[in-house]
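Data first, discussion second: the structure below is written as structure tokens.
Numbers for residues simply follow the sequence, beginning at 1. When a ligand or atom number is given, it counts from 1 through the structure's own listing order. This one's a predicted model, so the numbers in the text were calculated from it and none came from an experiment.
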Amino acid sequence: MDSDMKQSSETPSNIPTSKSNQQITQPSEETRKALKQPTFNVWGMERKQMLCLLEQMFYELDLVTEFKMEPETVRCFLTSVQKHYQENPFHNFYHGFSVTQMMYCVISQCQLQEHLSHIDILTLMVAALCHDLDHPGLSNSYQVNAQTDLARQYHNKSPLENHHWAVAWRILSQKQSNLLLGADPKQVPHIQQEIMELILATDMAHHGEILQTLQNIENFNFSNREHVTALKKGLIKICDISNEARPAEQAEIWADALMEEYFLQSDREKDEGLPVTPYMDRDKVKKADAQSSFISFLLIPLCEALCKHFPLLNNLLLQPLRAARLRYQQQMDNGMLERQDM
Ligand SMILES: Nc1nc2c(ncn2[C@@H]2O[C@H](COP(=O)(O)O)[C@@H](O)[C@H]2O)c(=O)[nH]1
Ligand SMILES: [Zn+2]
């Protein structure tokens, strides 16, 4: 990626040239194009490069101008978000970045800026970036079973997602990182509410109800607020769980990272005498089976519901997901053959 981030000698497309901007390495045209594809590879990137690309997405979507954001505030916000992701195997800043990049990719490819308001685009992007802030690497089921401070604070209701939003709120409450400082004050409470609702929608406990709402929409209409809300929740969810729509080499790294985090949690549950979350148990779970089931029962149905209204997602996400499922099924078949041969 280093070569992709080469300093551009010309003025970059839409990042303003200011004194404080002069040191920033600008993404090349090639990288800016790649950023709009699900094939974009986050692995191996440096943190500084990721900040630069996030900044690029905010400019490209016209959010900085529309909400009168100061360039320094945008940078301070992004840096603060990065610092508030923990170094977990899976729920780390790379995941936050990757979900945001997928959101940017879907918005760009489906040309959603032409149909959604700037507030909708802003809330989708900020929620995607902040949706797992300060994730401790232990799921909601652990929080509730262990009766952690978070579980008690939020009465066992989406303790993690409530916490992610609380941290996002804290970052936005600091003057130097408050992206909404220049926005119309009458719009700010609505923007905050929308970000919160999107982050809360990422709790997989709501998967069924969000999917069903999307499936029940017959003719999608951008003027219907209920339709737009269902779409936004569907979008943040698909971006959150869409690693398997990425190229196999990248998706396998994500799946390995998730398994590592799951296994660490189940080890801890065993050590602490807590109920062991079945899909996290290293003695029972096989990656290929887990991924094949996740793709079949959760990912593909959600993707199909979105494709019904946005057929462009078919080539972008649904076909790669079907290919990934086939790959894992072949791995499972090969595993069975190997066992039979022994
Ligand atoms: N078995 C798999 N589970 C997955 C995968 N990608 C995501 N997930 C699960 O969904 C939630 C999403 O919520 P988050 O906001 O916490 O990221 C995540 O925790 C996993 O449990 C996958 O590829 N395979
Ligand atoms: Zn996530």
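Comment: E60 engages K36 in a salt bridge, judged by a side-chain N to carboxylate O separation of less than 4.0 angstrom.
At a threshold of 2.8 Å, the Zn ion (ligand 2) has a backbone or side-chain N, O or S atom of H131 nearer than that distance. Not a single N, O or S atom of H91, from either the backbone or the side chain, sits less than 2.8 Å from the Zn ion (ligand 2).
Considering only heavy atoms from C-beta on, W254 comes within 4.5 Å of W43 through its side chain. A 4.5 Å side-chain heavy-atom check between M259 and V285 finds at least one atom pair inside the cut-off. Between K286 and Y328, every side-chain heavy-atom pair lies at or beyond the 4.5 Å cut-off. Residues P275 and E269 have side chains not in contact (no heavy-atom distance under 4.5 Å, counting atoms from C-beta outward).
Close approach of ligand 1 to H131 (heavy-atom distance below 4.0 Å) involves ligand atoms 15 (O).
Atom 23 (O) of ligand 1 has its closest protein heavy atom at Q291 NE2, 2.9 Å.
Close N/O approach between N243 and ligand 1 is not found [any backbone or side-chain N/O within under 3.5 Å]. For the pair H91 and ligand 1, the shortest N or O to N or O distance falls below 3.5 Å.
D132 contributes OD2 as its N, O or S atom closest to the Zn ion (ligand 2). Atom OD1 is the N, O or S atom of D240 at the shortest distance from the Zn ion (ligand 2).
The residue from L179, L78, V81 that alone fulfils the side chain to side chain contact (heavy atoms under 4.5 Å, CB included) condition with I171 is V81.
Around atom 3 (N) of ligand 1, the closest heavy atom drawn from I295, T277, L258, L298 belongs to L258. Of the listed options K237, M204, H207, M204 places a heavy atom closest to atom 10 (O) of ligand 1.
Taking the six-membered ring where the residue is Trp, F310 and F220 present perpendicular rings, their angle passing 60° and hence far from 30°.
Ligand 1 has at least one atom lying under 4.0 Å from a heavy atom of H95. Taking a 4.0 Å cut-off on heavy atoms, E161 fails to register as neighbouring ligand 1. The shell of residues lying under 4.0 angstrom from ligand 1, judged by heavy atoms, includes Y262.
Side-chain contact of Q86 with D134: a donor-acceptor pair under 3.5 Å is present, judged by distance alone. In this model, a donor atom of one side chain and an acceptor atom of the other lie less than 3.5 Å apart for H95 and D240.
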